[in-house]
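This one's a predicted model, so the numbers in the text were calculated from it and none came from an experiment.
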Amino acid sequence: MKNPKKLIIITGPSGVGKGTVVKAILKKDINIWLSISATTRKPRKGEEDGKDYYFLTTKKFKEMINNEMFLEWAEFAGNYYGTPINKINEKIKYGSKVILEIEVEGACQVREKFPETIAIFLLPPNKQELEKRIRNRGTDNEESILQRLERADFEMSSSKDFDYVLKNYEIDKTADEILEIIT
Ligand code: 5GP
């Protein structure tokens, strides 16, 4: 990687609002590019292949792991998720900053490879609020909700390992705080 300082990781438990905050950031700064991840999870209603994720079969995902095509990858709530490496170098080379919106294990992998990246951990106001957010978005079945909540305890206990820890009370305010950190 040419300039890992231009790589920004937004991590934190599922349901904390990473995706919404990142969308707000992209609206405010056009020179930031969001990496599109690959996953073996089935698309949710309204999600598009190549826009929200690259939706892959497990076989294809494992092929990509074997061919070292991921910057990082992790298993999360019964599915694989990974960051394809190909576009990132190109975007950084042409002057963009690149955001990775990923879960904690993948974030740690990137930090080990490139300690200069900026890693920001989002925390919910509290665990009850996290559960409320996951349930209210109505995208996951009960099994997946419970897996995500169980994982959240481990994830939140990892927040201390990151450069910046922000409580996500309000999307717009959190987006501004992140922009201040990265610009
Ligand atoms: P969801 O199924 O809700 O879209 O994503 C589940 C979790 O996987 C979220 O915490 C999300 O940030 C994370 N995730 C999405 N893409 C990636 C990726 O490329 N790598 C890793 N490690 N996690 C990802």
Side-chain angles (χ1 to χ4, degrees), residues 8-27 34-62 64-65 70-84 99-112 119-178:
I8 299 136
I9 303 169
I10 310 285
T11 192
S14 170
V16 75
K18 301 189 290 290
T20 324
V21 167
V22 167
K23 276 198 196 108
I25 293 172
L26 297 179
K27 269 196 199 149
L34 172 65
S35 162
I36 301 169
S37 297
T39 183
T40 59
R41 166 167 80 58
K42 296 275 168 289
R44 292 173 181 145
K45 209 164 162 244
E47 282 184 332
E48 283 175 46
D49 186 44
K51 185 167 168 266
D52 298 286
Y53 277 108
Y54 297 107
F55 294 100
L56 306 181
T57 59
T58 304
K59 182 167 175 277
K60 175 76 190 156
F61 196 99
K62 287 189 172 164
M64 286 182 67
I65 296 175
F70 289 120
L71 173 62
E72 59 73 36
W73 64 271
E75 214 178 329
F76 182 91
N79 289 296
Y80 290 108
Y81 295 81
T83 304
I99 288 190
L100 308 182
E101 187 244 288
I102 60 179
E103 54 71 66
V104 174
E105 213 183 295
C108 293
Q109 290 174 35
V110 180
R111 295 276 286 153
E112 265 170 39
I120 300 171
F121 194 102
L122 295 188
L123 278 175
N126 53 57
K127 182 93 190 278
Q128 289 84 341
E129 178 64 24
L130 185 73
E131 176 161 0
K132 204 169 110 198
R133 288 183 190 177
I134 296 184
R135 290 191 180 280
N136 284 353
R137 70 183 181 187
T139 48
D140 301 287
N141 62 29
E142 188 62 22
E143 188 192 359
S144 174
I145 291 172
L146 294 178
Q147 280 176 321
R148 283 160 194 259
L149 287 172
E150 198 185 305
R151 176 93 167 203
D153 290 326
F154 149 77
E155 294 188 306
M156 291 196 278
S157 69
S158 313
S159 65
K160 57 184 183 314
D161 301 331
F162 291 84
D163 306 318
Y164 299 92
V165 181
L166 303 179
K167 267 202 180 165
N168 182 26
Y169 289 103
E170 208 246 298
I171 311 257
D172 212 50
K173 194 173 146 271
T174 308
D176 285 339
E177 281 172 0
I178 294 177

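Closest approach of Arg111 and Ala119 over heavy atoms only: CD-CB, 3.5 Å. Thr83 approaches Ser35 most closely through the heavy-atom pair CG2-OG, 3.5 Å. Taking both residues in full, the closest heavy atoms of Phe70 and Ala38 are given as CE2-CB, 3.9 Å, listed atom of the first, atom of the second, then distance. For Met156 against Pro13, the heavy-atom pair with the smallest separation is CG-CG, 3.9 Å.
Applying the side-chain hydrogen bond (donor to acceptor under 3.5 Å, both in side chains) test to Lys62 and every residue at least two apart in sequence or in another chain returns nothing. Partners of Arg151 by side chain to side chain contact (heavy atoms under 4.5 Å, CB included), not counting sequence neighbours, listed by chain and number: Phe76, Glu103, Glu105, Phe154, Glu155. Under the side-chain hydrogen bond (donor to acceptor under 3.5 Å, both in side chains) criterion, Glu47 pairs with Arg41, not counting sequence neighbours. For Glu150, there are no side chain to side chain contact (heavy atoms under 4.5 Å, CB included) partners, not counting sequence neighbours. With sequence neighbours excluded, the residues that form a side-chain hydrogen bond (donor to acceptor under 3.5 Å, both in side chains) with Arg44 are Asp140.
Rounded to the nearest 0.5 Å, atoms SG (Cys108) and CD1 (Ile9) are 8.5 Å apart. Summarising the geometry, atom CD1 belonging to Ile171 is positioned 12.0 Å from atom NZ belonging to Lys173; distances are rounded to the nearest 0.5 Å. For the atom pair OG1 (Thr58) and CG (Asn79), the distance works out to 7.5 Å, reported to the nearest 0.5 Å. Taking CD1 of Ile36 as the reference point, atom CD of Glu101 lies at 12.0 Å (rounded to 0.5 Å). We find the CG-OH distance between Leu123 and Tyr169 to be 9.5 Å, quoted to the nearest 0.5 Å. A distance of 5.0 Å separates CZ in Phe162 from OG1 in Thr11, rounded to the nearest 0.5 Å.
Annotation: side chain of Val21 is not in contact with side chain of Leu166 (no heavy-atom distance under 4.5 Å). Side-chain contact check for Ser37 versus Tyr81: every heavy-atom pair is 4.5 Å or farther apart. Looking at Leu130 and Val16, their side chains come closer than 4.5 Å, going by heavy atoms from C-beta outward. No side-chain heavy atom of Ser14 sits under 4.5 Å from any side-chain heavy atom of Gln147. Contact of the Ile25 side chain with the Leu34 side chain is not registered, since no non-hydrogen atoms from C-beta on lie closer than 4.5 Å.
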Subject >> Verdict with supporting geometry, Val110 and Ile102, side-chain contact (heavy atoms from CB on, under 4.5 Å) >> reply: CA-CA 10 Å; Val110 180; Ile102 60 179; 4.3 Å; yes
Original post:
What do the steps show when you test Arg133 against Asn168 for side-chain contact (heavy atoms from CB on, under 4.5 Å), and what is the final call?
Top reply: CA-CA 12 Å; Arg133 288 183 190 177; Asn168 182 26; 3.6 Å; yes
Subject >> Worked check of side-chain contact (heavy atoms from CB on, under 4.5 Å) between Val104 and Asp161 >> reply: CA-CA 10 Å; Val104 174; Asp161 301 331; over 6 Å; no
When the side chains of residues 49-57 are checked against the rest of the protein, which donor-acceptor pairs come out under 3.5 Å, sequence neighbours left out?
residue : atom : partner : partner atom : Å
Asp49   : OD1  : Phe55   : N            : 2.8
Asp52   : OD2  : Glu48   : N            : 2.6
Thr57   : OG1  : Lys60   : N            : 3.1

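At most 12 heavy atoms of other shown residues, nucleotides or ligands fall within 6.0 angstrom of atom NZ in Lys27.
For the pair Lys18 (side chain) and Ile10 (backbone), a donor-acceptor distance under 3.5 Å is absent. A donor-acceptor contact shorter than 3.5 Å links the side chain of Thr39 to the backbone of Tyr80.
Here Lys127 does not pair with Glu131 in a salt bridge; the nearest charged N to carboxylate O distance is not below 4.0 Å.
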